[in-house]
Asks: 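Sharing a structure below in structure tokens format, with a few things to ask.
Model, not experiment: these values are computed from the prediction.
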Amino acid sequence: MIADEVGEELDKLGVTSISPGLSAVAVKLAKALDALESGDAPTSQATVADKLATILARLRALAPVQEEGDGVDDIARQREKRREELKQRQQSG
């Protein structure tokens, strides 16, 4: 269900306490999207999905930076490690 997925994403992002109103709207839109039947007008589904995507994008922008587990952080740590190793080699040789 879309509402479950949105709820999980909001928990992972940690934005519910930062923007409770916008988070509540995202959940409500997700529940509305779940409630739409496949036979309902595709434009209704598309409209709700578009609004949900817009709100989720805003919430992602508000999310605090995660401390660990980010792929970019991993790459930065590896790069820094290589630089330190290179420095040590240059100093000793």
Asks: Working to the nearest 0.5 Å, report the span between CG of Leu59 and OG of Ser23.
Replies: 4.5 Å
Asks: Around Arg60, counting heavy atoms of other residues, nucleotides and ligands shown, do more than 12 lie under 6.0 Å from its CZ?
Replies: yes
Asks: What distance do Glu5 atom CD and Asp34 atom CG have between them, rounded to the nearest 0.5 Å?
Replies: 9.5 Å
Asks: Kindly compute the distance separating OG1 (Thr47) from CG (Leu52), expressed to the nearest 0.5 Å.
Replies: 12.5 Å
Asks: Distance from Leu10 atom CG to Ile18 atom CD1, nearest 0.5 Å?
Replies: 11.0 Å
Asks: Could you check if a side-chain atom of Leu33 sits within less than 4.5 angstrom of a side-chain atom of Val6, using non-hydrogen atoms only?
Replies: no
Asks: What do the steps show when you test Leu29 against Val25 for side-chain contact (heavy atoms from CB on, under 4.5 Å), and what is the final call?
Replies: CA-CA 6 Å; Leu29 285 173; Val25 171; 4.0 Å; yes
Asks: Tell me the closest heavy-atom pair linking Val15 and Ala63, and the distance in Å.
Replies: CG1-CA, 3.4 Å
Asks: Atom CD of Glu85 and atom CD of Glu80: how far apart are they, to the nearest 0.5 Å?
Replies: 10.5 Å
Asks: Check the pair Lys12, Glu9 against side-chain contact (heavy atoms from CB on, under 4.5 Å), reporting the backbone distance first and the verdict last.
Replies: CA-CA 5 Å; Lys12 287 179 186 176; Glu9 182 172 355; 5.6 Å; no
Asks: On a heavy-atom basis, which atom in Ala3 and which in Ala30 lie closest, and how many Å separate them?
Replies: CA-CB, 3.6 Å
Asks: To the nearest 0.5 Å, what is the distance between CD1 on Ile55 and CG on Asp50?
Replies: 10.0 Å
Asks: Where is the tightest heavy-atom contact between Pro64 and Gly14, given as atom of each residue plus distance?
Replies: CD-O, 4.0 Å
